[in-house]
Visitor: 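Below is one structure. I have some questions about it.
Numbering starts at 1 and runs along the sequence shown. As the structure lists them, so they are numbered: ligands from 1, and atoms in each ligand from 1. The figures here come from the full heavy-atom set of this structure, side chains too, leaving out hydrogens, waters and symmetry mates.
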Amino acid sequence: MNIINVMKENALKHPERIIYEQANDLINHNADNFLTWGQLWEYSGKLAEYIKEHTMYHNPIIVLGNKHPYMLVCFLACMRAGHAYCPVDVSVPEKRVQDIIDQVDPEIILCTEELALYNERIVTLSSMQEIVNHNYEISDAQLLAGDETAYIIFTSGSTGVPKGVKITRNCIENFVEWAESLLPADVADKGLRFLNQAPYSFDLSVMDTYLALFTGGTVVALDKETQSDMKTVMTALAASDIDVWVSTPSFAEVCLTDRSFNKETLNHLKMMLFCGEVLSNKMARRLLRVLPDVAIVNTYGPTESTVAITNVTIDETICDRNESLPVGVPKPGTIIEIQDENGNVLPENEKGEIVVIGDTVSTGYWKNEEKTHAVFGTKHVDGKDVRFYRTGDAGYISEGNLYCSGRIDLQLKLYGYRLELEDIERNLIQLPYIAQVCVCPMERNGKVVSLTAVLVLAEPIAESDLRDRIRQDLADLLPSYMIPKKYVSVDYLPLTLNGKMDRKAIKGMIV
Ligand code: AMP
């Protein structure tokens with residue numbers, strides 16, 4: 001399989017079908033911001049010719065923007081020209097964008113938004129519009145080999161300098177072949193409509209975008225502005241007829257606070273695919289109640305192994321049996337090992353570090369040998385060398401299902417006890433009057449001295465009663481050293497640009 005050929009076949013088969021539209025335009029009846037499959041193929045071919053003419057090396061190309069139909073044109077154009085693309089969202093602070101530009105050193109930066117940032121390598125949206133109207137002779141030569149890097153996504157590094165994860169074309173293809181197998185069988189190939197919530201700089205977006213590109217479907221994107229107002233999100237969702245939802249659990253959790261998030265609003269919805277952070281038992285139950293005919297699928301994986309590598313469909317029985325939901329079984333082509341700190345493989349039910357071995361593991365970090373060697377390697381499996389990645393996630397396997405137990409780096413010592421913040425959060429969220437929670441370690445002189453829980457309440461409780469009530473309820477669930485000392489109730493928990501809980505910003509709310 002070559003994903004670029006698959007896209008070409010889809011474009012030839014359904015040239016008039018829409019590949020990209022924006023949910024906010026559906027409300028405004030604005031027909032400017034959509035792209036058909038035919039346009040995607042033609043425009044990306046012309047832009048690819050421009051790229052070939054204007055580059056001497058095969059360095060990656062940065063694609064800077066938020067949600068715009070030309071984002072997909074740019075991604076495909078880069079690949080057709082034999083370059084990797086590197087998506088960077090416009091909401092990334094300028095200093096960080098500059099860090100990424102310095103690291104990648106692109107010959108061209110394709111930019112779909114008007115930006116203050118000046119760089120002589122930028123090709124603006126209006127230039128791209130001229131390019132796609134130009135009479136280029138489009139070549140169909142395949143320039144991106146399967147083992148070459150197709151995209152680079154920068155993730156936050158622990159040192160504060162972003163790390164570029166290199167994903168090959170083969171990785172995308174191995175991922176999307178499996179992801180397609182998760183889709184509802186009876187509607188595949190009918191042009192499914194996929195919700196795109198995540199920015200393109202977050203690899204969760206690869207799930208919806210490549211599923212649409214692979215199956216000849218449509219991406220319905222929620223732009224940054226629309227996402228900032230829940231009422232607009234709901235109106236946009238009602239107008240969007242999406243079949244498959246892809247988001248972080250946190251984004252869906254915020255949606256669930258709106259009464260109109262229900263089967264009448266989402267009347268086409270067949271499946272919700274979650275990835276990127278914990279899907280809580282409580283939230284899964286609420287979804288099963290509100291959207292009884294929708295398949296709720298939990299998936300797990302880091303950017304370093306191409307979006308996701310496990311899946312499980314969550315139902316009432318799984319919720320009843322598991323306080324913390326499983327993330328599922330590995331996809332074909334992937335093995336998951338649980339290892340101790342010396343790299344020994346642990347048996348079922350023993351907790352250790354999750355190590356991913358398989359055909360979607362990245363070839364490493366862009367120009368960062370040291371960090372690459374620290375976490376990537378190869379292992380001999382069935383006579384072949386297969387790449388592995390040490391995730392830094394803690395977890396265990398039980399009856400073939402993987403369970404995540406948080407980040408190894410979110411494990412900390414308090415009064416000499418080892419504890420996991422996410423473990424405490426899982427217990428707090430079980431309390432019926434708590435809607436959302438984040439536990440923050442409070443430090444003095446670099447040492448954790450106490451825990452503070454920041455909460456969104458599901459029902460009003462007087463601030464003066466809160467601490468005693470929670471501590472009393474938690475006493476049946478947790479040892480005393482794990483029970484937070486302080487409780488702060490807030491209206492909402494801020495999310496990161498990627499739609500995950502923003503622990504740093506939340507801590508900033510209380511100190
Ligand atoms: P990212 O590379 O930004 O996609 O983040 C990957 C990390 O998100 C993983 O290493 C996990 O720590 C976490 N993660 C992803 N999916 C899940 C899930 N279903 N449940 C719990 N944590 C998850």
Visitor: Under 3.5 Å, is there a donor on one side chain and an acceptor on the other for S398 and N401?
Guide: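 Result is no, nothing qualifies.
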Visitor: Does ligand 1 have any atom that is closer than 4.0 Å to a heavy atom of G301?
Guide: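 It does; at least one heavy atom falls under 4.0 Å.
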Visitor: Please list, in number order, the atoms of ligand 1 under 4.0 Å from a heavy atom of F202.
Guide: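 In order of number, 3 (O), 4 (O).
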Visitor: Only heavy atoms count here, so choose which of I309, T303, I408 is nearest to atom 1 (P) of ligand 1.
Guide: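 The nearest heavy atom belongs to T303.
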Visitor: Tell me whether the rings of Y200 and F75 are parallel (<30°), tilted (30 to 60°) or perpendicular (>60°).
Guide: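 Perpendicular: the ring planes of Y200 and F75 meet at over 60°.
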Visitor: For ligand 1, which atoms have a heavy atom of P302 less than 4.0 angstrom away?
Guide: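 Per the distance check, 2 (O), 6 (C), 10 (O).
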Visitor: Specify the protein heavy atom at minimum distance from atom 8 (O) of ligand 1: its residue, its atom name, and the distance to 0.1 Å.
Guide: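 Going atom by atom, the protein heavy atom closest to atom 8 (O) of ligand 1 ends up being G276 O, 3.1 Å.
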Visitor: Apply side chain to side chain donor-acceptor pair (under 3.5 Å) to the pair K67 and N196, showing each step before the final yes or no.
Guide: CA-CA 9 Å; K67 302 294 164 83; N196 163 253; 2.9 Å; yes
Visitor: Say whether T391, considering both its backbone and side-chain N or O atoms, lies within less than 3.5 Å of an N or O atom on ligand 1.
Guide: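 Looking only at distances, the answer is no, because the N/O contact criterion of under 3.5 Å is not met.
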Visitor: Report yes if the side chains of L477 and L431 come closer than 4.5 Å at any heavy-atom pair, otherwise no.
Guide: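 Yes, their side chains come closer than 4.5 Å.
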Visitor: Give a yes or no answer on whether the side chain of T215 reaches the backbone of L211 with a donor-acceptor pair at less than 3.5 Å.
Guide: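 Yes.
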Visitor: With sequence neighbours excluded, tell me which residues meet side chain to side chain donor-acceptor pair (under 3.5 Å) with N59.
Guide: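 Applying side chain to side chain donor-acceptor pair (under 3.5 Å) to N59 gives none.
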Visitor: I need the nearest protein heavy-atom contact for atom 10 (O) of ligand 1: residue, atom name and distance, please.
Guide: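 Ranked first by proximity to atom 10 (O) of ligand 1 is D393 OD2, 2.5 Å.
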Visitor: My understanding is that we take every heavy atom of each candidate and find the minimum distance to atom 21 (C) of ligand 1. Doing that for V278, L204, T310, V165, which one comes out nearest?
Guide: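 Closest candidate by heavy-atom distance is V278.
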Visitor: Going by distance only, is there an N or O of T299 that falls short of 3.5 Å from an N or O of ligand 1?
Guide: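 Indeed, backbone or side chain, T299 has an N or O that close.
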Visitor: Could you go through residues 500-511 and list every donor-acceptor pair under 3.5 Å that involves a side-chain atom there, pairing it with any protein atom two or more places apart or in another chain?
Guide:
from : atom 1 : to   : atom 2 : distance (Å)
K500 : NZ     : G276 : O      : 2.8
D502 : OD1    : K504 : N      : 3.4
D502 : OD1    : A505 : N      : 3.2
R503 : NH1    : E425 : OE2    : 2.9
R503 : NH2    : E425 : OE1    : 3.0
R503 : NH2    : E425 : OE2    : 3.3
K507 : NZ     : P441 : O      : 2.7

Visitor: Should F274 be listed as contacting ligand 1, given a heavy-atom distance under 4.0 Å as the test?
Guide: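 The answer is no, since F274 has no heavy atom less than 4.0 Å from ligand 1.
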Visitor: Taking 4.0 angstrom as the limit and counting only heavy atoms of V327, give me the atoms of ligand 1 inside it, by number and element.
Guide: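 Counting atoms of ligand 1 from 1, those under 4.0 Å from V327 are 18 (C), 19 (N), 20 (N).
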Visitor: Less than 4.0 Å between a side-chain N and a carboxylate O, is that true for E420 and R407?
Guide: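 E420 and R407: not salt-bridged.
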Visitor: Any nitrogen or oxygen of L279, main chain or side chain, under 3.5 Å from a nitrogen or oxygen of ligand 1?
Guide: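 No.
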Visitor: With under 30° as parallel and over 60° as perpendicular, where do the rings of Y365 and F376 fit, or are they tilted in between?
Guide: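 Taking F376 first and then Y365, their aromatic rings stand perpendicular (interplane angle over 60°).
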Visitor: Short N/O distance, under 3.5 Å, between N298 and ligand 1?
Guide: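 For ligand 1, there is an N or O atom that lies under 3.5 Å from one belonging to N298.
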Visitor: With a 4.0 Å cut-off on N to O distance, would you call D359 and K331 a salt bridge?
Guide: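 Here D359 pairs with K331 in a salt bridge, since their nearest N and O are under 4.0 Å apart.
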Visitor: Tell me the nearest of E277, K500, R407 to atom 22 (N) of ligand 1, using heavy-atom distances.
Guide: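 Nearest option to atom 22 (N) of ligand 1, by heavy atoms: E277.
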Visitor: Would you kindly specify which portion of D203 sits under 4.0 Å from ligand 1, judged on non-hydrogen atoms: side chain, backbone, both or neither?
Guide: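 For D203, the contact with ligand 1 is made by the side chain alone.
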